[in-house]
Amino acid sequence: MKIGLQIIAFNWPGSPQNIGSKLGEIARSADDAGFASLWVMDHFFQMGGQYGSADDPMLEGYLAATHLAANSRRARVGVLVTGNIYRHPGHLLKSVTTLDVLSGGRAYFGIGAGWYEREAHGLGLPFPSVAERFIWLEETLQIAHQMWRDDPSPFKGQQYQLAEPINRPQPLSQPRPPILIGGGGEKKTLRLVAQYGDACNLFMGTSREAVAEHLPEIKRKLDVLRGHCADVGRDFNEIEITTLGTVHLSPDAMSTQEIIDICGLLAEAGVQQAIFNMPNSFEIAPLQAFGRDIIPVAAGLGVRV
């Protein structure tokens, strides 16, 4: 099993003056520790609740991901996940391609339908109905496949029309940057994964007990994904299974063994990459502890089920 890191907040001590330098330090430390992927969210307002206020610092996703790429050498980088409604697909796919080229072929393309109505309305961005958002998302996925096979012929969709989708240079990742589709909706999202995706991302919970409770649901959703793959003639084993959840490695919160146990449970369910957001990643020591005590153990876990 691989381990990924998502950075979800930038309100650490010294912020905002040190956001750039600290984010670079996090990227370098996580890369050195052996994290397989580095991610930021695609939000313009912080989400609220346990994550903080909408007034807290938040960075634009693709500029921040480029900063992660510039401060790392091995880890893949991406946005978990892009809100499809926020950018026209021609612009979005050029941004992902640029990230891939500048990182030496290390970009993921994380994508979802978008959900944060407050930030969309707050910034005057479109926020159509759920049904419309999924139409838009599927067309973006179709455009991604077309542009990344270097096909500049016109695209004429219900929502998007591209007269000449030229995309040069092409990505360095082959055959394209992996397309990771976020969400566990069984009728629409997982069907899109089967038809267009290279990876899925499911919620895992925030403790060992919560993960254990989520395991039957994760396994059931993977069975649904298998069914969609069979329907479209896709090999289920081509799709990387990833999860997202929160861990807090510290003496007062979670132990190394608890996180190893979480990884073991996820691997048992068929998860190949566990992506964690860590509220104390800015302290750097938790990243180093992951590299020393958790990532090597996780690497030995997992049999695809």
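Below, each value reflects all heavy atoms present in this structure, side chains not excepted, and no hydrogens, waters or symmetry copies. All of these numbers come straight from a predicted model, not from anything done at the bench.
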Restricting to non-hydrogen atoms, name the atom on [X] and the atom on [Y] that form the minimum distance, rounded to 0.1 Å.
X: Q273; Y: A36; value: OE1-CB, 4.0 Å
X: A107; Y: P177; value: O-CB, 3.6 Å
X: R133; Y: G114; value: NE-O, 3.0 Å
X: M147; Y: L162; value: SD-CD2, 4.4 Å
X: C229; Y: A194; value: N-CB, 3.7 Å
X: L38; Y: S72; value: CD1-CB, 4.0 Å

Answer yes if the side chains of [X] and [Y] hold a donor-acceptor pair under 3.5 Å, and no otherwise.
X: E132; Y: S129; result: yes
X: Q158; Y: E139; result: no
X: T82; Y: D42; result: no
X: S250; Y: D252; result: no

Check: [Y] main-chain N/O paired with [X] side-chain donor or acceptor under 3.5 Å:
X: Q46; Y: I8; value: yes
X: D198; Y: I179; value: yes
X: S173; Y: G105; value: yes
X: D32; Y: S29; value: no
X: H214; Y: T206; value: no
X: Q146; Y: D151; value: yes
X: K2; Y: I295; value: no

Using atom types as modelled, flag every donor-acceptor pair under 3.5 Å from a side chain in residues 16-27 to any protein atom, sequence neighbours excluded.
| residue | atom | partner | partner atom | Å |
| --- | --- | --- | --- | --- |
| N18 | OD1 | W12 | NE1 | 3.1 |
| N18 | OD1 | S15 | N | 3.1 |
| N18 | ND2 | P13 | O | 3.0 |
| S21 | OG | N18 | O | 3.2 |
| K22 | NZ | E25 | OE1 | 3.0 |
| K22 | NZ | F282 | O | 3.1 |

Open item on the list: Working note: Y86 + E119, criterion side-chain hydrogen bond (donor to acceptor under 3.5 Å, both in side chains); need CA distance, chi angles, decisive distance, verdict.
Closed with: CA-CA 10 Å; Y86 296 147; E119 78 180 351; 2.6 Å; yes
Open item on the list: Could you go through F35 and F290, starting from their C-alpha distance and side-chain angles, then the distance that decides it, and tell me whether this counts as ring-ring contact (aromatic ring centres under 6.0 Å, His included)?
Closed with: CA-CA 8 Å; F35 282 84; F290 255 81; 5.4 Å; yes
Task: Check against salt bridge (charged side-chain N to carboxylate O under 4.0 Å, His left out), D100 and R176 - done: CA-CA 9 Å; D100 192 71; R176 60 179 171 267; over 6 Å; no
Task: Candidate list R226, R220, K219, test side chain to side chain donor-acceptor pair (under 3.5 Å), partner D223, passing option - done: R226
Open item on the list: Could you see if V247 belongs to whatever hydrophobic cluster contains L215? Use Ile, Leu, Val, Met, Phe, Trp, Tyr and a side-chain cutoff under 4.5 Å.
Closed with: yes
- [ ] Starting from the C-alpha separation in whole Å, work towards a yes-or-no answer on side-chain contact (heavy atoms from CB on, under 4.5 Å) for F236 and I241.
- [x] CA-CA 10 Å; F236 171 78; I241 309 303; 4.2 Å; yes
Does any part of the side chain of [Y], heavy atoms only, come nearer than 4.5 Å to the side chain of [X], both counted from C-beta?
X: I181; Y: T189; result: yes
X: W39; Y: L180; result: yes
X: Y62; Y: L92; result: yes
X: M254; Y: I262; result: yes
X: D150; Y: N167; result: no
X: T242; Y: L80; result: no

Task: Verdict with reasoning, L225 to K221, per side-chain contact (heavy atoms from CB on, under 4.5 Å) - done: CA-CA 6 Å; L225 178 58; K221 288 185 183 296; over 6 Å; no
Open item on the list: Take a 6.0 Å sphere around CD of Q161 and say whether it holds more than 12 heavy atoms from other residues, nucleotides or ligands.
Closed with: yes
Open item on the list: For R118, I'd like to know if atom CZ has over 12 heavy atoms of other residues, nucleotides or ligands within 6.0 Å.
Closed with: no
Task: For H43, the option from Y51, W115, F10 that meets ring-ring contact (aromatic ring centres under 6.0 Å, His included) - done: W115
- [ ] Report the C-alpha distance between D31 and R28 in whole Å, list the side-chain angles of each, state the deciding distance to 0.1 Å, and finish with yes or no for salt bridge (charged side-chain N to carboxylate O under 4.0 Å, His left out).
- [x] CA-CA 5 Å; D31 195 49; R28 291 189 297 274; over 6 Å; no
Task: Pairing residues for E138 by the salt bridge (charged side-chain N to carboxylate O under 4.0 Å, His left out) criterion, not counting sequence neighbours - done: R191
TODO: Quick one: name the residues clustered hydrophobically with V232, using the 4.5 Å side-chain heavy-atom rule over I, L, V, M, F, W, Y, and just say none if it's on its own.
DONE: none
